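Report on the structure given below.
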Amino acid sequence: MSSVPPRFSERQPSVSAALIAFDQSNLVVAFDTAATRLFGYQRDEIINQPLTKLIPFPFSVDPNLGAEELALNIVAQAKSGAQFQACAEINQVKIGRQTLFVASITALPSVQKNEGTIDRNAAVTDAILETAVNPIITIDEKGFIQTFNSAAVHFFGYERAELSHMNVRELMPEPYRSNHDQYMARYHQEQTSRVIGSSGVELTAQRKDGSIVPIHLSVGSLNIPGQTMYVGIIVDLTERKAIERELRQHRDELAVMVTKATSDMQAIINRTNTIHSRLPGLVFVYKHRLNAVGCFPYVSGTIFDIFRVHPDVIKNDASSALSLIYRPDQEEVFSSMDAAARNHTNWRKEFRIVLPDGHPIWVYGDAVPQLEEDGSTSYYGYIGNINKRKILEKDLQESESFNKTLFHKSYVPMLVIDHATSEFVECNLAAVKIYGYTTREEVIGKCVMDISSPTQYDGTPSADSAKRHNRNALQKEIDIFEWRHQRPNGEIWDAKVHLMRFQHQGKKMLQATLEDITERKRAESALRASEEKLRNLFELSPLGIVLTDMDGDYLEFNKAFQEICGYSEEELRLIKYWDLTPSKYQSEESARLNELLLTGRYSSYEKEYRRKDGTLVPVNLNGMLVTAANDQKLTWSIVEDITEKKHIGAALQQAITDLNNLISYIPVGVFKHRFSVDGKRFLEFVSPRWCELFELSKEQAYQEQDVMLKQIHPDDVESFLAQINKLSQSKASFYWEGRMRPGLQARWMHIEAYRHVLDSGEILSNGIAYDITQSKEHEAQLNRLANYDSLTGMPNRKLLMDRLQHAISQAKRNKTSIAVIFLDLDGFKPVNDTYGHETGDKLLIEIAKRLSTNLRECDTVARIGGDEFVLLIPQLEHPDHYELALQRILNSINQPVHAGGQTVTVSASIGLSQYPSDATDPDILLRLADQSMYYAKQNGKNKYKFYSAV
Ligand SMILES: Nc1nc2c(ncn2[C@@H]2O[C@H](COP(=O)(O)OP(=O)(O)OP(=O)(O)O)[C@@H](O)[C@H]2O)c(=O)[nH]1
């Protein structure tokens with residue numbers, strides 16, 4: 001018996017042969033459907049049970065059976081206990097290190113000898129199928145499952161026993177399930193070798209738990225005489241579909257993230273879409289002979305469909321098939337096969353095979369190596385196409401890298417949030433910057449509360465709002481909203497956020513894309529504030545504000561307008577502009593309307609409104625034309641009630657007239673003077689009287705600088721300038737009295753001004769000027785009266801005492817002396833009495849003259865009483881000089897005086913006191929001189945006496 005299994009197509013019909021496998025401990029390890037039918041046990045009832053349950057009479061199998069076939073006639077026993085004669089053909093099978101025995105049992109007498117070899121290798125086939133990664137199921141032409149591998153059990157989730165009895169359609173969801181019988185009938189009729197397309201189809205399968213799974217199904221038919229079987233190889237596409245979905249999701253994300261779709265991205269999407277599905281599965285036995293010439297004793301027919309290699313060609317020489325292995329992968333493929341054989345492990349390898357069109361595709365090889373008696377190694381295996389998965393993986397990698405680059409380089413701030421922990425797991429530099437950080441590491445690990453303002457626009461705490469948006473994004477895929485952020489430095493900023501859900505490695509993630517709308521928000525809030533301000537202005541304005549259309553309807557108006565015209569809001573809506581305007585204004589109004597249409601506004605003008613109560617109210621109007629959204633022309637007007645203004649205006653006008661009159665009529669000159677910032681001085685206003693006083697015209701006053709100065713006496717200019725400087729530099733006011741230049745009528749002038757500093761720094765002075773010549777003269781007169789004797793014009797007692805005091809101060813300073821001489825005429829009364837007072841007066845005047853003549857300029861002669869004179873003589877060089885002077889005085893007085901036609905002769909008595917020898921006080925000095933004079937008079941008159949001598 002050969003250890004090489006025949007091809008399926010070589011199998012002989014064997015409907016009733018039951019296949020049982022048992023191990024070296026005689027425990028049942030495999031039990032096929034035919035065995036179920038023959039023995040009446042369900043698969044699960046008998047698996048792992050002793051073989052004696054089926055074959056009660058012991059028989060032994062030589063463990064070294066090897067390639068020999070053992071055929072025995074046995075007594076078998078069904079579950080019911082019924083025993084029957086049967087023929088058992090036993091083969092030894094090595095799977096890895098395990099040795100199994102496969103018994104093909106046929107009930108006698110129906111057994112036919114030639115059937116003995118028919119199913120002898122079915123167990124081997126089963127073993128091959130068991131090693132396949134993909135679910136493989138064989139069915140009969142009615143769709144009933146005949147065989148299946150462990151991968152199928154695992155994949156569909158049914159118990160083996162359940163699967164054994166099922167029709168394959170039950171493994172399909174609708175509509176495949178309902179249509180399956182119909183398809184089966186057609187395939188059966190057409191007898192095609194590959195019943196589903198040339199490379200299989202993608203459809204869905206239904207698991208026991210009801211879940212629908214995407215699969216790729218390749219079906220091949222096995223034409224056994226009298227029966228057609230179908231073998232279906234299933235590839236679970238869940239993972240691939242997930243990858244595809246992820247790819248699609250990435251594509252969608254990219255589309256959202258990058259508004260400008262790039263051609264590169266489109267290419268990826270196109271590639272993804274055009275990946276076609278080709279998933280041939282082929283079952284093979286490859287024998288690696290010691291002479292190194294490999295062969296494929298068995299390979300499923302699908303190899304021709306894919307590689308255009310006929311199984312017969314490679315049956316004895318594998319080289320034409322092996323040469324299909326992509327050259328760069330060949331060495332690894334062979335060395336991995338050798339290693340698997342050496343280590344007694346399964347061979348599993350992903351490598352490339354070159355298609356007839358020259359393109360390599362990725363395949364997955366999976367085989368069990370088995371050392372044969374002749375030293376060669378057989379590999380029982382399966383090759384599946386994984387090209388799609390590889391391409392998808394590559395595309396995904398490319399897409400991911402492209403995506404990552406876009407993500408990180410994008411100017412659009414983006415970040416990824418783990419939905420479960422709410423933490424930021426990734427962000428780009430644009431996001432780092434906008435959040436107010438410097439590195440990605442600072443942002444990663446943070447959560448939304450770390451970058452948000454404590455509350456949102458509606459006052460909701462940000463934590464609550466964030467939860468709501470996350471929920472929305474999960475439910476609706478994307479949530480778009482505005483968010484108030486806060487930077488670490490406290491700065492608030494606003495963003496429009498696109499929050500999008502996606503899956504990454506099975507985790508729910510959210511991707512946020514941010515658009516900075518701080519400026520827009522600020523503008524909006526400024527607009528709101530400005531609108532509110534405008535609304536307040538409108539409502540609270542004391543001016544009437546009103547919007548009218550061209551028909552004169554009142555569309556909008558404020559309270560002030562209602563008050564001005566005395567109509568309520570409802571009434572105003574019913575009346576028109578013309579109802580408020582007295583007819584006398586109609587022509588003026590038409591002119592304004594024309595101006596409005598022509599220039600877009602009308603200039604301020606006054607008119608009257610007729611109020612609801614019939615009274616007229618004076619108003620001032622300003623207006624502006626606006627165009628509404630519907631192109632309607634409207635007018636905004638500002639209406640001011642000027643009743644009060646009119647009253648005030650009239651009063652003001654009167655006040656100005658009065659003031660002008662006053663300024664014109666008062667004998668005081670009024671002026672306004674300005675110091676400019678650049679130091680210039682000029683008059684801004686002068687009253688008519690000012691012009692008279694300064695004998696200048698207004699033009700001269702305004703044009704020439706410092707005109708006042710030019711009219712002032714040269715000797716008084718200095719004091720005038722000193723006052724001007726004071727005025728410009730300090731807060732002091734201007735005050736000056738002085739003389740005018742010779743030739744002007746006014747000889748003395750009084751000028752005063754008060755300063756006022758303007759915001760510009762200029763100094764304005766308002767001042768007055770008036771002629772004080774007369775009062776100056778009065779003053780001089782009063783001075784004369786107070787200090788001089790009116791008869792002789794000589795200093796009187798008051799002035800004498802002032803001068804004496806002054807002389808004493810000087811003498812004290814100079815350490816000199818003063819003589820005080822008291823002189824009283826002798827026998828003056830008789831002159832009066834004899835010749836009359838007039839003659840007496842003349843005598844007194846003459847005596848005064850003679851006294852003055854005899855004295856120096858520095859000396860003083862004063863008349864202090866009727867016939868009493870006092871002389872002050874400071875610093876004579878020698879005391880003898882006094883005596884000479886006194887004698888000279890006496891002599892001059894003794895000379896006859898001609899007065900009033902008479903000749904009169906008088907004498908005088910003189911007393912003298914000296915400073916500082918006699919006294920230092922002026923009153924005492926005068927008294928001592930008087931006393932000395934009295935002494936002279938007592939001692940005979942016409943003589944002088946020194947107080948020191950008295
Ligand atoms: N004509 C005139 N007589 C005056 C004036 N003031 C005073 N008298 C008179 O001068 C006189 C001064 O008086 P006395 O000094 O006593 O007269 P007397 O004659 O000089 O006397 P003895 O000094 O003792 O010599 C009085 O009669 C006054 O009326 C004046 O202004 N004019």
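This is a predicted model, so every value here is computed, not measured. First listed ligand is number 1; within each ligand, the first listed atom is number 1.
Near ligand 1, residues Asp824, Leu825, Asp826, Gly827, Phe828, Lys829, Pro830, Asn832, His837, Gly840, Asp841, Leu844, Arg863, Gly866, Asp867, Lys937, Lys941 come within 4.0 angstrom through at least one heavy atom.
Side-chain contact annotation: Tyr935 with Gln931, donor-acceptor N/O pair under 3.5 Å absent.
With respect to Glu595 and Arg592, a salt bridge is recorded, a charged nitrogen being found less than 4.0 Å from a carboxylate O.
Pairs passing the ring pair (Phe, Tyr, Trp, His ring centres under 6.0 Å) check and including a residue from residues 760-817, sequence neighbours excluded, read His750-Tyr770.
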Side-chain polar contacts of residues 613-622 - donor-acceptor pairs under 3.5 angstrom, sequence neighbours left out - could you list them?
{"from": "Asp613", "atom 1": "OD1", "to": "Thr615", "atom 2": "N", "distance (Å)": "3.0"}
{"from": "Asp613", "atom 1": "OD1", "to": "Thr615", "atom 2": "OG1", "distance (Å)": "2.6"}
{"from": "Asn620", "atom 1": "OD1", "to": "Ser604", "atom 2": "OG", "distance (Å)": "3.1"}
{"from": "Asn620", "atom 1": "ND2", "to": "Ser604", "atom 2": "OG", "distance (Å)": "3.3"}
{"from": "Asn622", "atom 1": "OD1", "to": "Ser604", "atom 2": "N", "distance (Å)": "3.4"}

Extract all donor-acceptor atom pairs below 3.5 Å that involve side chains of residues 815-827 and protein atoms in other chains or at least two apart in sequence.
{"from": "Asp824", "atom 1": "OD1", "to": "Lys937", "atom 2": "NZ", "distance (Å)": "2.9"}
{"from": "Asp826", "atom 1": "OD1", "to": "Ser909", "atom 2": "N", "distance (Å)": "3.4"}
{"from": "Asp826", "atom 1": "OD1", "to": "Ser909", "atom 2": "OG", "distance (Å)": "2.7"}
{"from": "Asp826", "atom 1": "OD1", "to": "Lys937", "atom 2": "NZ", "distance (Å)": "2.7"}
{"from": "Asp826", "atom 1": "OD2", "to": "Ser907", "atom 2": "OG", "distance (Å)": "2.7"}
{"from": "Asp826", "atom 1": "OD2", "to": "Ala908", "atom 2": "N", "distance (Å)": "3.2"}
{"from": "Asp826", "atom 1": "OD2", "to": "Ser909", "atom 2": "N", "distance (Å)": "3.4"}
{"from": "Asp826", "atom 1": "OD2", "to": "Ser909", "atom 2": "OG", "distance (Å)": "3.3"}
{"from": "Asp826", "atom 1": "OD2", "to": "Asn942", "atom 2": "N", "distance (Å)": "3.0"}

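Aromatic pair His673/Phe675: centroids less than 6.0 angstrom apart.
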